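Here the structure is laid out as structure tokens; the discussion comes afterwards.
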Amino acid sequence: MDVSVLQQYAPMLLRGFGITIFCWLFGTVLGIVLGLIIALIQRYSPKPVRWLLQVYIEVIRGTPFLVQLFVLYYGGPLIGLRLDALPAGLLGLTIYGSPYFAEIFRSAFRAVPEGQIEAARAIGMTEATIIQRILLPLGLVSALPALVNFSIILTKETVILSIITVPELMYQVQRMSTETFRYVEANLVLALFFWALVEAISRVGRKLETRITKHLIERT
Amino acid sequence: MVQASSVEIRKLDKFYGPFQALKGIDLTIPPGKVTCLIGPSGSGKSTLLRCMNFLEEYDAGEVRIDGQMIGYDSPGGSRMPARKLRDMRRSIGMVFQQFNLWPHMTALQNVAEGLVRVRGFSKDQAAARAAEALEKVGLSDKVANHPARLSGGQQQRVAIARAIAMEPRLMLFDEPTSALDPELVGEVLNVMKTLAAEGMTMVVVTHEMGFAAHVADQVAIMEAGELVAVDAPTRILHSPEDARIKAFLKTYHERNAF
């Protein structure tokens with residue numbers, strides 16, 4: 001172990017970690033939004049639309065993130081989509097996560113008892129109000145554990161952004177490794193940072209879960 | 001006295017695929033009266049009830065609330081606009097077997113929600129009206145409780161409060177006491193009796209023969225998607241002529257004999 005090398009590279013590594021967190025947060029939030037929109041459209045639209053969205057879901061879920069990123073970054077310019085590394089990475093993460101989030105929401109919405117939706121319909125609520133007041137709040141409760149779980153998986157997908165030269169943590173670690181041959185130290189730092197991030201996310205997730213299920217648990 | 005609707009049902013058919021759940025039902029629900037639908041499970045009584053607010057789409061025939069057809073523009077016509085259907089549903093209250101309270105809201109919020117979102121009340125107005133409705137069902141001390149902190153009987157009374165706060169002219173009850181522990185049935189039936197005494201038009205799918213016998217103005221007996229008989233409870237329950245009614249009452253009496 002050579003601590004002095006780590007000290008020397010610390011600012012770079014920290015900056016990389018910052019970019020990693022940014023990419024993860026951006027991709028997760030937009031992925032959740034996109035997934036939610038897909039799930040809602042699927043719930044309320046006719047068969048052809050549902051089928052088309054299902055094709056999107058299957059294609060994205062069925063191919064490696066690495067390949068999707070290559071297609072977006074290197075293939076994009078062929079159809080006039082010229083993106084810098086960071087925007088391409090953010091867009092890629094968003095697209096990659098969206099079908100998983102869509103499926104999480106789809107099953108969460110199905111877990112909302114039909115009777116509670118019918119009760120809202122029976123008093124004359126509009127579908128938009130039902131979504132806003134009943135479906136979303138209750139759907140979110142059952143979706144939350146799976147949402148947290150998949151967003152944890154997404155933290156580790158960010159390392160793939162290094163191959164299109166997004167200067168996130170993995171990129172910096174590789175740079176440090178090739179410059180100093182300190183592979184073990186560099187990757188140990190990477191592992192520690194990710195472990196800390198994941199730990200923080202799961203703690204926040206558990207807090208949120210306790211808070212939003214507080215009133216739903218029967219206490220006798 | 002509340003304003004009370006009437007319901008006329010003519011030649012009503014309902015299919016689930018090839019299975020015919022309702023076979024040409026003709027039934028008139030007079031205003032301000034209590035009609036109990038009874039019959040063995042699977043006989044179509046819940047389906048019939050759910051056609052009255054169009055939670056169940058019917059395939060042929062008519063369901064009219066105060067002369068206005070619900071669900072379709074005209075007999076055999078196209079679906080009525082969603083807005084029109086919502087307007088009709090505002091004056092039809094419904095109480096479900098499984099209560100169907102919204103678990104993320106308190107009792108008060110459950111009752112106030114429709115007032116705010118559907119009737120356009122302000123939050124304060126809605127809260128005041130909701131508190132009144134909850135008082136009427138005897139739950140003034142439970143306004144702040146979430147459904148998970150209420151007994152089944154209390155939950156069902158909140159559900160009734162949620163419906164009556166909207167000032168319906170017709171109340172539909174779909175086996176309102178079937179999911180309750182026996183000792184909690186009475187409190188719900190008592191609230192329903194109060195409503196009946198106020199002159200609310202009520203249609204009640206139930207297995208509570210006592211309620212049917214004492215509170216109903218008319219009893220309709222269903223079997224296998226058909227209406228077997230419609231008459232005053234004394235005549236139907238005490239001196240049935242139809243063999244199918246006799247058979248149904250016999251199994252009922254055997255089940256409850258001890």
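All of these numbers come straight from a predicted model, not from anything done at the bench. Naming: A, B, ... by sequence-line order, numbering from 1 per chain.
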If you count heavy-atom pairs within less than 4.5 Å of chain A, which of B:Arg83, B:His146, B:Met166 leads? B:His146

Got B:Arg149 and A:His215 here, is their nearest side-chain heavy-atom distance under 4.5 Å? no

Check this for me: B:Glu135, atom CD, are more than 12 non-hydrogen atoms of other residues, nucleotides or ligands nearer than 6.0 Å? no

Which atoms of A:Ile134 are under 4.5 Å from chain B, going by heavy atoms: the side chain, the backbone, both sets, or neither? both

Interchain contact, A:Thr213 with chain B, by part (heavy-atom threshold 4.5 Å): neither

Using a 4.5 Å cut-off on heavy atoms from C-beta on, say whether the side chain of A:Gln116 contacts that of B:Gln98. no

Measure distances from B:Arg50 to the heavy atoms of chain A and classify the residue's part below 4.5 Å as side chain, backbone, both or neither. side chain

Is it true that, when you exclude A:Arg82 itself, more than 12 heavy atoms of the residues, nucleotides or ligands shown sit nearer than 6.0 Å to its CZ? no

Is it true that atom CG of B:Asp87 has more than 12 heavy atoms of other residues, nucleotides or ligands lying nearer than 6.0 Å? yes

Minimum heavy-atom distance between B:Arg117 and A:Gln132, given as atom pair plus value: NH1-NE2, 3.8 Å

Name, in order of residue number, those residues of residues 99-109 of chain B that have a heavy atom at a distance of less than 4.5 Å from a heavy atom in chain A; otherwise write 'none'. B:Asn100, B:Leu101, B:Trp102, B:Pro103, B:His104, B:Met105

Nearest heavy-atom approach of A:Ile123 to B:Val118 is O-CG1, 3.4 Å

Should we say atom CZ of A:Arg110 is surrounded by more than 12 heavy atoms from elsewhere, each under 6.0 Å from it? no

Measuring from atom CZ of B:Arg86 to atom CD of A:Glu127, what distance do you get when rounded to the nearest 0.5 angstrom? 8.0 Å

pair A:Met125-B:Glu113: side-chain heavy atoms closer than 4.5 Å: yes

